[in-house]
Structures are given as C-alpha cells and as structure tokens.
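Let me begin by presenting the structure, written as structure tokens, before commenting on it.
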Amino acid sequence: MTAPGSWVPFRLPLQLSLYLLAIMTFSFLIHLHSWFPTARERLPSPNATDKFPTTPPTTPTTEQGMWTMNSAGRLGNQMGEYATLYALAKMNRRQAYILPEMHQQLAPLFRITLPVLSSDMVQNIPWKDYGLHDWMSEEYRHIEGKYVRLTGYPCSWTFYHHLRQEILQEFSFHDHIKEEANRYLAGLRGQRRNVTYVGVHVRRGDYVQEMPMFWKGVVADKAYLEKAIGYFRAKYQEPVFVVTSNGMEWCRENIDASRGDVYFSGDGKESSPGRDFALLAHCNHTIMTIGTFGIWVGYLVGGETIYLANYMLPDSPFLKIFKPEAAFLPEWIGINADLSPLWRGRFG
C-alpha cells in the first residue's frame with residue numbers, strides 16, 4: 001500500500017496536463033465553428049421540406065445567387081410560376097429555389113428538381129422583388145441582382161418554350177400517378193380497337209360570375225363544346241371524351257353523352273385538381289375552355305388542342321395583362337366564343 005503523501009507530487013503534473021488538454025480542445029472547437037456556418041447562416045438544403053420526394057442534397061454556391069418566385073394561385077398558376085422561374089434563372093445564370101408552398105403544391109404530382117428553400121431562409125434573405133407581366137420581354141434576359149424574388153402570375157410559353165423538353169421532364173408524373181391515370185383510361189376502352197382519348201376540361205366555378213362582371217368576358221357554352229367535340233368525332237375513328245370540371249353538374253346537363261363516347265370522370269362528381277390534371281394529361285388530345293389549368297394540360301399532352309378564343313370584349317381590362325398569342329401555342333385551334341350575351345347586356 002502506498003503512503004498517502006507519496007502521490008501528492010504526482011497529482012499536480014496530472015492536473016496541469018488535463019488543464020492544457022482542455023484549453024487545446026476548446027481552441028480546436030472554436031476554429032471548427034468558424035470553418036462551418038451555423039444552421040441560420042447555411043444555405044438551404046433541397047430537402048428542407050421532406051413531405052414529398054425532392055432532389056438529392058446539393059451544395060449550392062452563393063456566387064450564383066439565389067432566385068425564387070412567389071407561390072400564388074392554384075395548380076395551373078403554380079406550374080407557370082415554376083416554369084418561368086426555371087427558365088429565367090437559367091437565362092440569367094442564377095440558381096433557382098422554390099418556396100415550401102410551391103413544393104407542397106407540385107411535388108405530390110411531379111418529379112420537380114429545383115431545391116426548396118426553408119421557411120427561415122425565406123425570411124432572412126434580402127430579396128429584391130421583380131414583377132413580371134405574362135409574356136417574355138427582352139429585359140428579362142438581363143435582370144440585375146443576386147437575390148431576386150420574381151412576382152406575378154406568368155403562364156406563357158414565351159418564357160420557357162425553348163426549354164420545352166426540360167420543362168416536360170420537370171412536370172413528369174410520379175409512377176403511381178401515371179399508373180392510376182392509365183388504368184382509368186384503359187377501363188374506358190371497352191371493345192374499341194383504335195381508341196383516341198380526348199381530355200375535356202371545362203372551367204366554371206368562380207369564373208361563371210367573374211368573367212362577365214369584372215373582365216367583360218364569357219366562359220365556354222354548350223355550343224362551343226359541341227363544336228370542339230364534333231371536330232374530334234369527325235377526325236378520329238373511335239374517340240373517347242373524358243370530361244373533368246369544377247362544374248360537373250352543368251357538364252352533365254349540357255354535354256351530349258348519348259353516343260356512348262363521353263365519360264364524366266369521378267362518376268360525374270368533381271375530383272381533386274391533381275387527379276383531374278393527371279387524367280387529362282394522359283390523353284392524346286385536349287379540349288380546354290379558359291384558364292391556366294387547361295393551358296398546361298394542352299402543353300403537356302402535346303397533341304391537338306382546341307381552346308376558346310376571343311372570349312372577352314375588345315375593351316376588357318384583362319387584355320391589358322393577358323396576350324392570347326402568348327398564352328396559346330400557334331398550332332392550337334381556336335374556336336371563337338359567343339359574345340352576344342355580353343353585347344345584349346351592354347346595349348339592351
């Protein structure tokens with residue numbers, strides 16, 4: 001057994017060594033902290049919102065800047081905003097990020113790849129807001145600023161048509177959504193051998209009141225739909241028309257289904273926008289009425305698209321912010337709307 005007094009001198013060097021070790025460790029941690037930014041300083045991870053599939057984590061560089069776009073409106077608006085951000089950021093050699101709200105709208109349907117900003121980052125970035133109108137302009141090729149937030153409701157092929165294949169890839173559907181849509185369409189084939197699927201989107205809802213009241217315009221009527229459906233019946237041997245709408249009761253009353261080639265999706269009840277969109281996008285051709293939802297269906301399908309043309313009076317305030325030639329592709333087929341209800345309302 002060692003005498004108590006024999007270990008006291010040894011304890012002092014040991015304490016001194018432990019003290020020096022602690023100082024060295026603390027110094028190392030301070031330097032390590034300076035090498036790696038804190039969570040608040042760090043650039044956002046693409047997986048900041050992980051409810052839905054996103055792209056693998058990347059390491060963005062601040063030198064490229066950070067551009068984003070407001071997340072406003074419904075599905076068609078969100079798609080237009082995403083595609084416009086994608087194209088303009090690439091054109092200006094900036095890195096594009098989307099807001100969490102846009103990710104929540106689009107990621108359940110599509111294999112989008114733009115990274116997602118965290119909510120904290122959105123609040124802490126010194127954004128420069130830059131408003132867009134609804135068609136491409138030359139000045140948009142030279143937007144100044146590293147931290148730009150684009151604003152507006154752009155939905156025009158003039159922004160992104162030169163990147164069509166990339167945009168189509170961004171809006172490619174998840175496998176389970178494709179399988180569900182194709183399974184539904186296969187169930188409508190019946191005994192037909194040369195079936196041609198035509199998606200029909202009838203936009204009603206709030207537009208029924210808003211178009212004549214605020215925009216001096218009309219929505220699609222029964223005569224327009226009869227002409228559009230008649231075009232495909234005359235051209236294709238065994239067409240199948242798949243009707244979706246946010247006014248399904250009106251559609252059942254005004255679209256003639258007596259020939260057995262018209263089907264109202266969801267047993268004639270309004271479905272979710274995502275499900276309707278996927279169903280229409282897996283058809284061969286498109287009949288749309290008005291609205292960005294139908295425009296995007298036609299753009300993704302890539303077949304023949306018929307749209308309601310000239311559906312506003314010449315002095316409509318909407319024509320100041322909307323150019324039909326920038327909304328509808330040149331090869332699409334326009335059928336003029338019947339504006340007589342508006343003229344009668346104005347002139348008695």
Side-chain angles (χ1 to χ4, degrees), residues 74-76 79 109 155 173 177 180-190 192 194-208 211 218-309 311 327-329 331-338:
R74 302 175 184 177
L75 181 59
M79 294 177 69
L109 280 178
C155 183
F173 292 91
I177 293 174
E180 179 184 353
N182 287 326
R183 187 165 53 247
Y184 181 90
L185 293 175
L188 305 182
R189 175 183 291 270
R192 301 177 181 90
N194 299 307
V195 63
T196 300
Y197 295 103
V198 181
V200 183
H201 180 248
V202 183
R203 179 70 162 89
R204 292 187 61 79
D206 53 346
Y207 275 22
V208 174
M211 286 306 298
V218 297
V219 296
D221 59 10
K222 179 178 180 178
Y224 164 78
L225 292 169
E226 286 178 348
K227 291 177 183 177
I229 290 174
Y231 170 86
F232 286 107
R233 279 178 175 156
K235 187 167 184 177
Y236 296 98
Q237 184 177 353
E238 294 181 301
V240 166
F241 299 92
V242 183
V243 180
T244 70
S245 176
N246 58 346
M248 291 298 284
E249 183 177 351
W250 182 93
C251 291
R252 293 179 68 88
E253 293 174 356
N254 290 274
I255 298 177
D256 182 11
S258 62
R259 297 194 187 189
D261 58 0
V262 174
Y263 298 87
F264 300 95
S265 70
D267 296 325
K269 299 177 183 178
E270 182 178 351
S271 183
S272 68
R275 183 182 183 279
D276 281 350
F277 189 91
L279 190 59
L280 296 171
H282 284 83
C283 292
N284 303 112
H285 306 288
T286 305
I287 295 173
M288 61 164 289
T289 54
I290 58 177
T292 56
F293 189 100
I295 289 174
W296 271 110
V297 169
Y299 194 82
L300 264 59
V301 169
E304 291 189 274
T305 297
I306 293 181
Y307 66 94
L308 185 68
Y311 57 90
F328 310 118
L329 285 171
E331 62 267 28
W332 290 2
I333 303 167
I335 296 178
N336 287 342
D338 177 11

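Hydrogens, waters and symmetry mates play no part in the numbers below; they use all other heavy atoms, side chains included.
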Using modelled atom types only, decide if a donor and an acceptor are shared between the side chain of Glu238 and the backbone of Asn194 within a distance under 3.5 Å. yes
Atom pair CZ (Phe328) and OH (Tyr307), whose distance is rounded to the nearest 0.5 Å: 6.0 Å
Side chain to side chain contact (heavy atoms under 4.5 Å, CB included) between Cys251 and Phe264: does it pass, once the steps are laid out? CA-CA 8 Å; Cys251 291; Phe264 300 95; 4.0 Å; yes
Examine Arg74 relative to Phe293 and say whether NZ or CZ is less than 6.0 Å from the centre of the six-membered ring and inside a 45° cone about the ring axis. no
Nearest 0.5 Å please: distance from the CG atom of Asp221 over to the CD atom of Glu226. 9.0 Å
Yes or no on side chain to side chain contact (heavy atoms under 4.5 Å, CB included) for Ile295 and Met288, after CA distance, side-chain angles and deciding distance? CA-CA 7 Å; Ile295 289 174; Met288 61 164 289; 3.7 Å; yes
To the nearest 0.5 Å, what is the distance between SG (Cys283) and CG (Leu188)? 8.5 Å
Minimal heavy-atom distance between Ala181 and Ala278, with the atoms involved, is CB-O, 3.8 Å
Can you tell whether the side chains of Lys222 and Glu253 come within less than 4.0 Å, N to carboxylate O? no
Under a 4.5 Å cut-off applied to non-hydrogen side-chain atoms, are Thr289 and Val219 in contact? no
Determine whether Thr305 and Leu329 make a side-chain contact, defined as any pair of heavy atoms from C-beta on separated by less than 4.5 Å. no
Salt bridge (Lys or Arg N to Asp or Glu O under 4.0 Å): pairs with one or both residues in residues 288-301, sequence neighbours excluded: none
Tightest non-hydrogen contact, residues Ile255 and Val202, listed as CD1-CG2, 4.5 Å
Under 6.0 Å between ring centres: does that hold for Tyr263 and Phe241? no
CG on Asp276 to CG on Asn246, rounded to 0.5 Å: 9.0 Å
Using a 4.5 Å cut-off on heavy atoms from C-beta on, say whether the side chain of Val262 contacts that of Asp256. no
Any salt bridge between Lys227 and Asp338, counting N to O under 4.0 Å? no
To the closest 0.5 Å, what do you measure between OG (Ser245) and CZ (Arg204)? 7.0 Å
Does any N or O in the side chain of Ser265 come within less than 3.5 Å of the main-chain N or O of Val243, such that one atom is a donor and the other an acceptor? yes
Can you list the steps and then say if Val240 with Thr196 is a side chain to side chain contact (heavy atoms under 4.5 Å, CB included)? CA-CA 6 Å; Val240 166; Thr196 300; over 6 Å; no
Which heavy-atom pair separates Ala337 from Val218 by the least distance, and what is that distance? CB-CG2, 3.8 Å
Side-chain heavy-atom pair Pro239, Tyr197 within 4.5 angstrom cut-off: no
Determine, stepwise, if the pair Ile287 / Ile229 fulfils side chain to side chain contact (heavy atoms under 4.5 Å, CB included). CA-CA 8 Å; Ile287 295 173; Ile229 290 174; 3.9 Å; yes
Do His201 and Phe277 have their ring centres less than 6.0 Å from each other? no
Could you go through Tyr184 and His282, starting from their C-alpha distance and side-chain angles, then the distance that decides it, and tell me whether this counts as ring-ring contact (aromatic ring centres under 6.0 Å, His included)? CA-CA 10 Å; Tyr184 181 90; His282 284 83; over 10 Å; no
May I ask you to say whether Arg233 pairs ionically with Asp261, meaning some side-chain N is under 4.0 Å from a carboxylate O? yes
Sidechain-backbone polar pair: Arg192 side chain, Arg189 backbone, donor-acceptor under 3.5 Å: yes
Tyr236 vs Glu304 side-chain heavy atoms within contact, under 4.5 Å: yes
A side-chain contact here means heavy atoms from C-beta on lying under 4.5 Å apart; do Ile306 and Ile335 qualify? yes
Minimum side-chain heavy-atom gap Leu280-Thr244 below 4.5 Å: yes
Any heavy-atom pair between the side chains of Leu279 and Val242 that's under 4.5 Å? yes
Measure across Tyr311 and Leu308 and return the closest heavy-atom pair with its distance rounded to 0.1 Å. CD2-O, 3.3 Å
